[in-house]
Amino acid sequence: MTQNILKNKKKSAICIVVDTKGSSPRKIGAKMTVFSNGSILGTIGGGNLEKSVINNAIEQINRNEAKLFKHDLLHQHNMCCGGQVYIYIEPVMEKKNLFIFGAGHTAKALAELAIKLDFEIYIIDNRKDYINAINIEGINKMNVPYTSALPALPFDENSFITIMTYEHSYDRDILAHCLKQNFAYLGMIGSKRKVELTKKMFLESKIATIEQLNKVDMPMGININAEGPEEIAISIISILIAIKNKSLNNE
């Protein structure tokens, strides 16, 4: 299970021949997948045309934008078939990874909301009975010690990290590790007193700088005077959506 969860995911784009005029190496509907490292799956005709399409695809992957390209085979690529090929390139949108540390009531409510959105969800808890009690199709459940999960999880700039375990000490250990990782969002649940005490401890022990701590959303979520797990989950998912859709800068 863990190996499947942690499998490497490459960014890619799908390239489709959507129209041709005159002679061309492939017909309408031919497809090729281009990965960010330049490797391919399938073909749209080979030769200089394919080399150009690979370069176009990598550029569109980096831009995260779809685009239609027109290729004049003779004049652009010195291909004797001499026709024109129109190729539509669309990056494959990557899901954002949502890591939920803790499998309590609020975590379950958050997962139920997030599964309907564009998130790949990982829920981690060292309590087997709590993990087993979550029956949400499509999420990744990890019943492992937090200290074992942390170094194995693929944190990157697409990672949304929410910390809500049942022990303050676990929350702080997870926070200390995640502060040093790449992330799109990092938040910890708790009272204002817990947050202030955590900041004080981290600064005095030189675990983190004030700049690092200012990047953490704590107490986690938008202030809507939420009460109960479902309302708290809504306050958290709201800020996750805002950051995912780039309508909020979490810095």
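Numbering starts at 1 and runs along the sequence shown. The figures that follow rest on heavy atoms only: side chains count, while hydrogens, waters and symmetry mates do not.
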Do side-chain atoms of [X] reach the backbone of [Y] as a donor and acceptor pair under 3.5 angstrom?
X	Y	value
S52	L49	no
E50	G47	no
N126	N143	no
K194	I189	yes

Exercise for review: May I have the step-by-step check of side-chain contact (heavy atoms from CB on, under 4.5 Å) for I87 and R26, ending in yes or no?
Suggested key: CA-CA 11 Å; I87 296 179; R26 294 294 305 273; over 6 Å; no
Beyond-backbone contact of [X] with [Y], side-chain heavy atoms, under 4.5 angstrom:
X	Y	value
Q212	F202	no
L150	C178	yes
T147	D173	no
I136	E112	yes
L186	L175	yes
L110	M164	yes
I123	F101	no
Y185	L240	yes

Straight-line distance of [X] [atom1] to [Y] [atom2], nearest 0.5 Å:
X	Y	atom1	atom2	value
M142	D125	CE	CG	11.5 Å
E90	N64	CD	CG	9.5 Å
D217	I243	CG	CD1	7.0 Å
T20	H71	OG1	NE2	13.0 Å
I40	K51	CD1	NZ	11.5 Å
E65	I61	CD	CD1	13.0 Å

Please determine whether residues [X] and [Y] belong to a single hydrophobic cluster, defined as Ile, Leu, Val, Met, Phe, Trp and Tyr linked transitively by side-chain heavy-atom distances below 4.5 Å.
X	Y	result
I115	I100	yes
I174	L213	yes
Y88	F69	no
I207	M201	yes
L113	F160	yes

Counting only heavy atoms not in [X] (residues, nucleotides, ligands), do more than 12 fall under 6.0 Å from its [atom1]?
X	atom1	value
K192	NZ	no
Y130	OH	no
H105	NE2	no

Point to revise | Short side-chain donor-acceptor distance under 3.5 Å, T165 and D171 | key: yes
Could you tell me which non-hydrogen atom of [X] sits nearest to which non-hydrogen atom of [Y], and how far apart they are?
X	Y	result
N97	P154	ND2-O, 4.4 Å
Y86	Q84	OH-OE1, 3.7 Å
I134	A103	CD1-CB, 3.7 Å
A184	E157	CB-O, 3.3 Å
K31	I44	C-CG2, 4.0 Å
V216	M188	CG1-N, 4.4 Å

Point to revise | Audit row: F99, F155, ring-ring contact (aromatic ring centres under 6.0 Å, His included) steps and yes/no | key: CA-CA 9 Å; F99 300 101; F155 297 119; 5.0 Å; yes
Practice item. Carefully, step by step, assess I239 and S235 under the rule side-chain contact (heavy atoms from CB on, under 4.5 Å). Key: CA-CA 7 Å; I239 198 167; S235 78; over 6 Å; no
Exercise for review: Under the side-chain contact (heavy atoms from CB on, under 4.5 Å) rule, what do Y166 and R127 come out as? Steps first, then yes or no, please.
Suggested key: CA-CA 10 Å; Y166 59 97; R127 301 168 297 176; 3.2 Å; yes
Check your understanding: side-chain contact (heavy atoms from CB on, under 4.5 Å) between I89 and K67: does it pass, once the steps are laid out?
Key -> CA-CA 6 Å; I89 299 177; K67 188 174 178 179; 5.7 Å; no
